[in-house]
Amino acid sequence: MTTLSQIAWDDTVLPFQLDRSDVRGRVARLDGVLEQVLAQHDYPAIVEALVAEVALLTAMIGQTIKLRWKLSIQVRGNGPIRILATDYYGPTSDGQPARIRGWASFDAERLDPEVDPFSQIGDGYFAILIDQGEGTVPYQGITPLAGGSLSTCAQTYFAQSEQLPTRFAISYGRSTLPGQGEHWRAGGVMLQVMPKASPFAAKEGSGEAGLLQHTDILEGDEEENWNRVNHLLDTVEEMELIGPTVHPTDLLVRLFHEEGPRVFDPQRIEFGCTCSESRVRDSLAIYSAKDIRHMTTEDGRVTADCQFCGAHYEFDPQSLGFEATVNPDGSPKESVDE
């Protein structure tokens, strides 16, 4: 049986602050959203695990930023798992849900289901991209793949690019509750030093390949506070992270009751994709008629599939590109006199 309190906390991110230690954080639970993200493709279990991890990271990181539009995480490597990509769209107004989507590209013949999923990505990079929409310049921060997990890569990103010590404790996997079928769940806690507590950093870090760690950024009381809350987070159990029987507020009290935890309004998360016929047309508007002919199938159509939601689009090639001769509805385009 599913309780109302369980429903209330599934697919949410709960922001909180630890007043004593000057640390902020997020508790996230993904259930139905994660199922929808993974249901768009028939991924092997090893790929599903990485998509689940990066989706959870995206939900927590996206909620920390006041977004006008989109935050993306992209992981690219030279191994069997080539690409992991997720997008987080901020809520369009107060009280509205944020939306998340994700997908993966992989070489099924090279996958080894018996080894650690992260090792299947190989050498590459972890990137966070923030696009605040029209009239702004997108931001991109990149860090090498290192540390043995996507969570560690995210921690390194914040240390390197933002000089903000950050910690993730996450868990994910297939869950079976009484009366329900097996499905994916994920949950986690994100801790982050408040920005004013990160005044400087060494030029070269003490981590793997010279990457920055929290010890290269913090000192004095800030370092002591950070170490203390991390020791407390070390006591968390996987089932406390995933839930659903342990509520996020109860978890915060159990872990950090001496740190003065204070919670804010939770953010709901839904699966959502922004693809549309008009967006595909816009993306093809830069191509000439010759280019469009190379994209045209034997039956005289141009097709496109959304990697995120699986939507399939078909177009009349004469209606595409900057040399289009007909409108999307098939009517002739009016010629423009020079």
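One-based numbering along the sequence shown.
- Minimum interatomic distance between Cys273 and Cys306 (heavy atoms only, all atoms of both residues): SG-SG, 3.5 Å.
- Shown here for Phe322 and Ile286, the closest heavy-atom pair between the two residues is CE2-O, 3.4 Å.
- A donor-acceptor contact shorter than 3.5 Å links the side chain of His41 to the backbone of Gln307.
- Put simply, CZ on Phe308 and CZ on Phe271 are 9.5 Å apart, with the number rounded to the nearest 0.5 Å.
- Linking Ile, Leu, Val, Met, Phe, Trp and Tyr residues whenever their side-chain heavy atoms come within less than 4.5 Å places Ile170 and Ile46 in a single cluster.
- Rounding to the nearest 0.5 Å gives a distance of 9.0 Å between OG1 of Thr156 and CZ of Phe126.
- With hydrogens and angles disregarded, no donor-acceptor distance shorter than 3.5 Å links the side chain of Asn78 to the backbone of Gly122.
- Donor-acceptor pairing under 3.5 Å is lacking for the side chains of Gln155 and Thr166.
- Atoms CD1 and CZ, on Ile81 and Arg110 in that order, are 10.5 Å from each other to the nearest 0.5 Å.
- Side-chain contact between Leu191 and Trp226 is present, with at least one heavy-atom pair separated by less than 4.5 Å.
- Using a 30° and 60° split on the angle between ring planes, Phe106 and Tyr43 fall in the perpendicular class, above 60°.
- At a threshold of 4.5 Å between non-hydrogen side-chain atoms, the residues Pro44 and Pro113 do not count as touching.
- A donor-acceptor pair under 3.5 Å links the side-chain atoms of Asp291 to the main chain of Ser288, judged by distance alone.
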### Task
Evaluate salt bridge (charged side-chain N to carboxylate O under 4.0 Å, His left out) for Glu259 paired with Arg20, printing each intermediate quantity in order.
CA-CA 5 Å; Glu259 300 299 319; Arg20 180 189 172 195; 3.6 Å; yes
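- Heavy-atom minimum distance, Ala55 versus Leu34: CB-CD1, 4.1 Å.
- In terms of modelled atom types and a separation under 3.5 Å, the side chain of Glu240 and the main chain of Glu237 share a donor-acceptor contact.
- A distance of 10.0 Å separates CG in Leu84 from CZ in Arg76, rounded to the nearest 0.5 Å.
- Taken from CG in Leu320 to OG in Ser283, the straight-line distance is 9.0 Å, to the nearest 0.5 Å.
- Hydrophobic clustering of Ile, Leu, Val, Met, Phe, Trp and Tyr side chains at less than 4.5 Å, counting indirect connections, unites Phe168 with Ile65.
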### Task
Could you go through the side-chain contact (heavy atoms from CB on, under 4.5 Å) check for Arg82 and Asp107 one step at a time?
CA-CA 8 Å; Arg82 297 183 291 254; Asp107 184 344; 3.4 Å; yes
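- His183 places none of its side-chain heavy atoms less than 4.5 Å from the side chain of Leu38.
- Placement of Trp103 and Leu129 in two distinct hydrophobic clusters is found when ILVMFWY residues are connected by side-chain heavy-atom separations under 4.5 Å, directly or transitively.
- Using a 4.5 Å cut-off on side-chain heavy atoms (C-beta onward), Asp22 and Glu222 make no contact.
- Using a cut-off of 4.0 Å between Lys/Arg side-chain N and Asp/Glu carboxylate O, Glu323 and Lys290 are scored as not salt-bridged.
- Looking at Ser319 and Arg281, their side chains come closer than 4.5 Å, going by heavy atoms from C-beta outward.
- Considering only heavy atoms from C-beta on, Gln120 comes within 4.5 Å of Val115 through its side chain.
- With contacts defined as side-chain heavy-atom distances shorter than 4.5 Å, the pair Phe16/Pro248 does not qualify.
- No hydrogens or angles considered: nothing links the side chains of Gln17 and Arg24 as a donor-acceptor pair under 3.5 Å.
- The backbone N or O of Arg68 lies less than 3.5 Å from a partner atom in the side chain of Gln132, making a donor-acceptor pair.
- By the side-chain hydrogen bond (donor to acceptor under 3.5 Å, both in side chains) test, Glu53 is found to be paired with Ser151, Tyr172, residues two or more places apart in sequence or in another chain being considered.
- Checked by atom type and distance alone, the side chain of Asn327 never pairs as donor or acceptor with a backbone atom of Asp329 at under 3.5 Å.
- For the pair Thr296 (side chain) and Ile292 (backbone), a donor-acceptor distance under 3.5 Å is present.
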### Verdict with supporting geometry, Val23 and Asn225, side-chain contact (heavy atoms from CB on, under 4.5 Å)
CA-CA 8 Å; Val23 167; Asn225 289 339; 5.5 Å; no
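- Using a 4.5 Å heavy-atom threshold, the side chains of Val13 and Met190 count as separate.
- With values rounded to the nearest 0.5 angstrom, Asp250 atom CG is found 11.0 Å from Leu255 atom CG.
- Look at Arg101 and Asp87 and you find a salt bridge, because one of the NZ, NE, NH1 or NH2 atoms lies within 4.0 Å of a carboxylate O, short of that distance.
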### Query
Are Leu111 and Val47 close enough, and set up right, to give a side-chain contact (heavy atoms from CB on, under 4.5 Å), and what steps lead you there?
CA-CA 9 Å; Leu111 282 177; Val47 177; 4.0 Å; yes
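- With hydrophobic clusters built from ILVMFWY side chains whose heavy atoms lie under 4.5 angstrom apart, Leu14 shares a cluster with Leu233.
- Note on Asp31 versus Arg185: salt bridge recorded, some NZ/NE/NH1/NH2 to OD/OE distance being below 4.0 Å.
- Residues passing the side-chain contact (heavy atoms from CB on, under 4.5 Å) test with Thr58, sequence neighbours excluded: Val54, Leu71, Ile73, Thr86, Tyr88, Ile100.
- Judged purely by distance below 3.5 Å, without hydrogens or angles, the side chains of Glu162 and Tyr157 pair a donor atom with an acceptor atom.
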### Task
Could you give me the CA-CA distance, side-chain angles and deciding distance for Tyr313 and Cys275, then say whether side-chain contact (heavy atoms from CB on, under 4.5 Å) is met?
CA-CA 10 Å; Tyr313 299 97; Cys275 75; 3.1 Å; yes
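- The backbone N or O of Asp19 lies less than 3.5 Å from no partner atom in the side chain of Arg262, so there is not a single donor-acceptor pair.
- The hydrophobic cluster containing Trp69 does not contain Ile130, counting ILVMFWY residues as joined when their side-chain heavy atoms lie under 4.5 angstrom apart, directly or transitively.
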